[in-house]
Number of protein chains: 2
Amino acid sequence: MAAERSGGGDPARTLALLWRTPPEPKAVGRKPKVSVDQIVAAAIAVADREGLGAMSMARVAQELSVGTMSLYTHVPGKAELIDLMADTVLQERDLTPDGTWRERIKHYADRTRAVYQAHPWMRDVSMVRPPLGPGLMDGQEFVLAALADSGLEPRQVTIAHVAVEGFVHGAAASEVDDRQLEVVTGESGDSWWGSRQLFWDDYFDVERYPTMTSLWNAGAYDIEGTLADSVRKSFDYGLEKLLDGIEGGMR
Amino acid sequence: MAAERSGGGDPARTLALLWRTPPEPKAVGRKPKVSVDQIVAAAIAVADREGLGAMSMARVAQELSVGTMSLYTHVPGKAELIDLMADTVLQERDLTPDGTWRERIKHYADRTRAVYQAHPWMRDVSMVRPPLGPGLMDGQEFVLAALADSGLEPRQVTIAHVAVEGFVHGAAASEVDDRQLEVVTGESGDSWWGSRQLFWDDYFDVERYPTMTSLWNAGAYDIEGTLADSVRKSFDYGLEKLLDGIEGGMR
DNA sequence: TATTGTTTCCGTATGGCCTACGGAAATGGG
DNA sequence: CCCATTTCCGTAGGCCATACGGAAACAATA
């Protein structure tokens, strides 16, 4: 599966949907059976339960007891629907601007990770050219405000912003991958790592990979706790170090 | 499009393919018209030219003047083929272990980015649970060796490794997104940012986004050079800062 | 009430995709 | 020449998005 992205559809239409431009109450004509919000909610529900791969237009329509083609009256197509889904769940972050700038960015990272945990399919949505809706924009404002408070020059703020945003979304996406695979294949994430065993047994070459070998012998891979904890720890560390670096760059 | 990943197919079979376990030369039977390598090469060629979305089994077979179903004799399925493609292009990195540990990681990042630039469809391949082939493993050994030389404790090396690897692949994927969108939609990447204009014109709210407004007024968004240069600069900065942080964490 | 204009609903059809199945074709050894 | 073995691949089934066009519902109007 390749990363989902909004197609080349009319950007004006997509933006109007993202910002829920007043539905222009029609005084005439047949009453709608479903609303955009219902469609988005149903799509999110399906994706939450069965993964983005199962989120077909037919499946969403079924969820709403509506004909498949009815959806196209309210939404231009599947790509735009995914944009709407992503922006909607990003709005769940509910960011509160308390503490130091570092604490606020940590808060942002945690809230974003929570979104990915609650909606694992976010892993499959490209966040590089994200939907320009309120969910995304509010998050960007939050991070920019925190970085601006750090004392960085304006130009540096924008550069640091890209680095932080990329890291946070990447981290959140990685963290979720275990769970996601579990949903799709019915196999536990950790058991995938179990199948890694096969590699170590049959293909690992001590001569070719001396560093891995010595790290292994040094016990560096004896993880305590679950794999998920371990991955999370790595990314907390990574964020801390990134922020350390950004902070140090100010001097 | 959701991120492509190898299915739940037999891991042993996939590993054997990734490491090209001796094809067990058959003395009997019909001669193969195509080899695994040819299939992988054709698939890469198609994806390079037309994107991963265009890389269908039928399209690859056509490229080789072979029936679609013939491919399944050599490759278990599409998911496994994508794994093979990814590991193959990662082998192009040709990593040379020169310089300080920081220089080597920078080198690794650059080579990895080059792979993404040459094969933009890599953006659509999940690198969180990557194919355990030589291309990937050699890269991991390289990064681990560099980090081990930095003076970090073994346990710290493995954690830093995850952070670096995540950052590099995330950065490379982001950088490539402009180009990728161009291929898929026939629209220039920068013109997508042009359509961003619509957002600023019709939906941007100065009250809601004060930091963005003041950054804008401070000229922080007056980028020189192309967008691609600008994105690249951001990630060079991010990597530097991450490495600064990792280095600082040793004290 | 009947008509008309407007809007939504949705059945059908097209063209794409992956891949299971099973038979046809090729090949080299006996 | 036969035949076991291997590869090739046509057919078909089951998904998918969505273009098209007509049916259905509704409000205002006649």
Side-chain angles (χ1 to χ4, degrees), chain A residues 1-2 4-10 13 23-39 42-43 46-47 50-85 124 184-185, chain B residues 1-2 4-10 13 23-39 42-43 46-47 50-85 124 184-185:
Chain A
M1 299 192 277
E4 302 278 356
R5 17 184 56 281
S6 67
D10 181 14
R13 172 91 191 275
E24 191 83 32
K26 320 281 187 187
V28 176
R30 184 174 179 167
K31 291 273 184 278
K33 283 173 72 174
V34 287
S35 65
V36 172
D37 293 278
Q38 281 170 21
I39 292 172
V46 170
E50 305 167 43
L52 195 59
M55 199 285 288
S56 66
M57 296 302 271
R59 185 74 187 69
V60 172
Q62 186 190 49
E63 191 84 359
L64 295 167
S65 306
V66 154
T68 305
M69 292 314 292
S70 300
L71 303 184
Y72 287 88
T73 304
H74 308 280
V75 163
K78 192 185 183 183
E80 289 81 357
L81 177 53
I82 291 174
D83 276 357
L84 287 167
M85 291 166 66
D124 299 326
V184 172
T185 70
Chain B
M1 300 193 278
E4 302 277 356
R5 16 184 59 280
S6 67
D10 180 14
R13 172 92 190 274
E24 190 85 30
K26 320 280 186 187
V28 177
R30 184 173 179 166
K31 289 274 185 274
K33 282 173 73 173
V34 287
S35 65
V36 172
D37 293 279
Q38 281 170 22
I39 293 173
V46 170
E50 306 168 42
L52 195 59
M55 198 285 287
S56 66
M57 297 301 272
R59 184 76 188 66
V60 172
Q62 186 190 47
E63 191 85 359
L64 294 167
S65 306
V66 154
T68 305
M69 293 313 292
S70 300
L71 302 184
Y72 288 88
T73 304
H74 308 279
V75 162
K78 191 186 185 184
E80 289 82 357
L81 177 53
I82 292 175
D83 276 357
L84 287 168
M85 293 166 65
D124 300 325
V184 172
T185 69

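A note on names: the letters A, B, ... follow the listed sequences, proteins ahead of strands, and every chain is numbered from 1.
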* To do: Check the pair B/Leu71, B/Lys78 against side chain to side chain contact (heavy atoms under 4.5 Å, CB included), reporting the backbone distance first and the verdict last.
  => CA-CA 10 Å; B/Leu71 302 184; B/Lys78 191 186 185 184; over 6 Å; no

* Can you tell if the side chain of B/Met69 reaches within under 4.5 Å of the side chain of B/Met57, non-hydrogen atoms only? -> no

* To do: Report the residue (B/Gly29 or B/Leu71) whose heavy-atom-nearest nucleotide on DNA chain D is the more 5′ of the two.
  => B/Gly29

* Asked: For A/Ser56 and D/dC16, is the shortest distance between a side-chain N/O and OP1 or OP2 below 4.0 Å?
  -> yes

* Write down the distance between CD (B/Glu80) and C1' (C/dC18), rounded to a whole number of angstrom. => 12 Å

* When you match B/Arg30 and B/Gly77 each to their closest nucleotide on DNA chain C, which lands nearer the 5' end? -> B/Gly77

* Asked: Between A/Arg13 and A/Glu80, is the closest basic N to carboxylate O distance under 4.0 Å?
  -> no

* At under 4.0 Å between heavy atoms, what does A/Gly67 touch on the DNA or RNA strands: base, sugar-phosphate, or nothing? -> sugar-phosphate

* Structure fact -> Of C/dC9, D/dC9, D/dA17, the nucleotide closest to the side chain of A/Thr73 is C/dC9

* Separation of C/dT19 C1' from B/Met57 CE (nearest whole Å) -> 9 Å

* Proximal nucleotide (of C/dT19, C/dT8, D/dC26) relative to the A/Lys31 side chain -> D/dC26

* How long is the line joining CD of B/Gln62 and C1' of C/dC17, in whole Å? -> 14 Å

* **Under 4.0 angstrom between B/Lys33 side-chain N/O and C/dA25 OP1 or OP2** => no

* Nearest whole angstrom, please: distance from the P of D/dT6 to the NE2 of B/His74. => 13 Å

* Asked: Touch check for A/Val75, heavy atoms < 4.0 angstrom, all strands: base, sugar-phosphate only, or nothing?
  -> nothing

* Structure fact -> Atom OH of A/Tyr72 and atom P of D/dG21 are separated, to the nearest Å, by 17 Å

* Give the rounded distance in Å between these two atoms: CZ of A/Arg59 and P of D/dC16. => 10 Å

* Asked: Is there a side chain to side chain contact (heavy atoms under 4.5 Å, CB included) between B/Gln38 and B/His74 once you walk through the steps?
  -> CA-CA 10 Å; B/Gln38 281 170 22; B/His74 308 279; over 6 Å; no

* Asked: Rounded to the Å, how far apart are B/Leu52 CG and C/dC18 P?
  -> 10 Å

* Could you check which of C/dG28, D/dC9, C/dC10 has an atom nearest any side-chain atom of B/Ser70? => D/dC9

* **Side-chain heavy-atom pair A/Met85, A/Leu52 within 4.5 angstrom cut-off** => yes

* Asked: Among the nucleotides C/dT19, C/dG5, D/dC8, which one has an atom lying closest to any side-chain atom of B/Lys78?
  -> C/dT19

* Looking at D/dT11, C/dC9, D/dC20, which one has an atom nearest to any side-chain atom of A/Met69? -> D/dC20

